[in-house]
2 protein chains.
Amino acid sequence: MLTSLARMATTEALTVQEAADTTGWSPRMLRYIERAGLVVPPRSASGYRLYGAAELQRLRTLRELLDAHDVGLAEIGFASRMRTEPHLARDVDGWLSATATRPAEVPADDWLRWEQAKHTRLLQHPEPTPTN
Amino acid sequence: MLTSLARMATTEALTVQEAADTTGWSPRMLRYIERAGLVVPPRSASGYRLYGAAELQRLRTLRELLDAHDVGLAEIGFASRMRTEPHLARDVDGWLSATATRPAEVPADDWLRWEQAKHTRLLQHPEPTPTN
DNA sequence: GGAACCTTGACACGACCGTGCTAACGTCCC
DNA sequence: GGGACGTTAGCACGGTCGTGTCAAGGTTCC
């Protein structure tokens, strides 16, 4: 609307609904995203969220990020944790670096089978049927 | 039991139940963990899971990892994804590096408030009460 | 050949994720 | 002062996570 355009020109900040309109997120999700600590807009004196150009950009790229790869807000929230908690990052990376159960005595075709299964990031299609 | 000890000495591999007993996980969880691609033991000709020393060690350290920090299997599964999918890692790290909505015009105490909120990894205690 | 184990598959369940909607109440602005 | 909008809190709902349990069927081994 004209009002929003006017305010944008003057105060350089949008309200939730306006930000929602220009980013494709719903107001509900904008609050949720804030809650997850991913995009936290400043507030007006009376508590209104004020989305500036920076936040809008961030929201759009966030959407692209989620759409591109199959990830959720929780996941990138976790990634964020990994950078702010070096303690955590060290342990997790350390564990993952331990070359998971070195596959030396694996029959080679079995290896291949579970290797593919592993690439289906988590549970998905079951079909393995254990050769019985 | 004696049986398991005997087999361990000879074939160097434990069955699910035995592995469960020595690692503290339940058999159910061992299968779940395998499904998540975190610890995948080789199989016997007839399909039995064979947990060797490497897997057992891995299972114990995994437990420590989860207990130490507040993380779940899904999370470290995601961390694993980050290392095997550089495409993903690049995008996520890139997004996080964008110093989230530079807090220049934030009233400094507000900043502090949402900064702490962010550290409650995701939703938790609500109390903020927006200064109204 | 039978007991004790293994396998997969499924139901169940509480907790959280992602989302929408409604309620109750404050703010903005004409 | 009233309407359009903001704020939070809450219910709801399908989906996933982390678990347990139980069923149906193969294996091991005495």
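Residue numbers start from 1 in every chain, and the chains themselves are labelled A, B, ... in the order their sequence lines are given, proteins ahead of strands. For clarity, every value in this text was computed on a predicted model and none was experimentally measured. What you see below is based on every heavy atom in this structure, not just the backbone, and it leaves out hydrogens, waters and symmetry mates.
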* For the pair made of CZ in A/R63 and C1' in C/dG18, what is the distance, rounded to whole Å? -> 12 Å
* **Side-chain donor or acceptor of A/E75 paired with backbone N/O of A/G72 under 3.5 Å** => yes
* Structure fact -> On DNA chain C, more 5' by nearest nucleotide between A/S26 and B/R49 is B/R49
* When you check the side-chain N and O atoms of A/T15 and A/E18, is any donor under 3.5 Å from an acceptor? -> yes
* Nucleotide nearest A/T15 when distance is taken to its side chain, options D/dG18, D/dG6, C/dC17 -> D/dG6
* Asked: Between the main-chain N or O of B/P42 and the side-chain N or O of B/R49, is there a donor-acceptor pair closer than 3.5 Å?
  -> no
* Asked: Are any of B/S46's side-chain N or O atoms less than 4.0 Å away from OP1 or OP2 of C/dT7?
  -> no
* Over how many whole Å does the gap from A/Y32 atom OH to D/dG10 atom P extend? -> 17 Å
* Asked: With a non-hydrogen cut-off below 4.0 angstrom, is B/R31 in contact with a base, only sugar-phosphate, or nothing?
  -> base
* Any donor-acceptor pair under 3.5 Å linking the side chain of A/W95 with the backbone of B/I76? -> no
* Return no unless some side-chain N or O of A/R43 is found under 4.0 Å from OP1 or OP2 of D/dT8. => yes
* **Shared hydrophobic cluster for A/F78 and A/V39 (ILVMFWY, side-chain gaps under 4.5 Å)** => yes
* Starting at the 5' end of DNA chain C, which residue's closest nucleotide do you reach first, A/R28 or B/V16? -> B/V16
* Structure fact -> In whole angstroms, the gap separating C1' of D/dC17 from CG of B/L66 amounts to 12 Å
* Structure fact -> note: B/E18, atom CD; C/dA4, atom C1'; distance rounded to Å ~ 12 Å
* For the base of C/dG26, is there a side-chain donor-acceptor partner from A/Y48 under 3.5 Å away? -> yes
* Provide, to the nearest angstrom, the distance between the CG atom belonging to A/L30 and the P atom belonging to C/dG18. => 14 Å
* Structure fact -> Taken to the nearest whole Å, CD/A/E75 to P/D/dT16 is 12 Å
* Asked: Taking the side chain of A/Q17 as heavy atoms from C-beta outward, which of D/dC5, C/dG20, D/dT19 is closest to it?
  -> D/dC5
* Length of the line joining B/I33:CD1 and D/dC17:P, which is rounded to integer Å -> 14 Å
* To do: Can you tell me the distance, in whole Å, between the CG atom of A/L50 and the P atom of D/dG6?
  => 11 Å
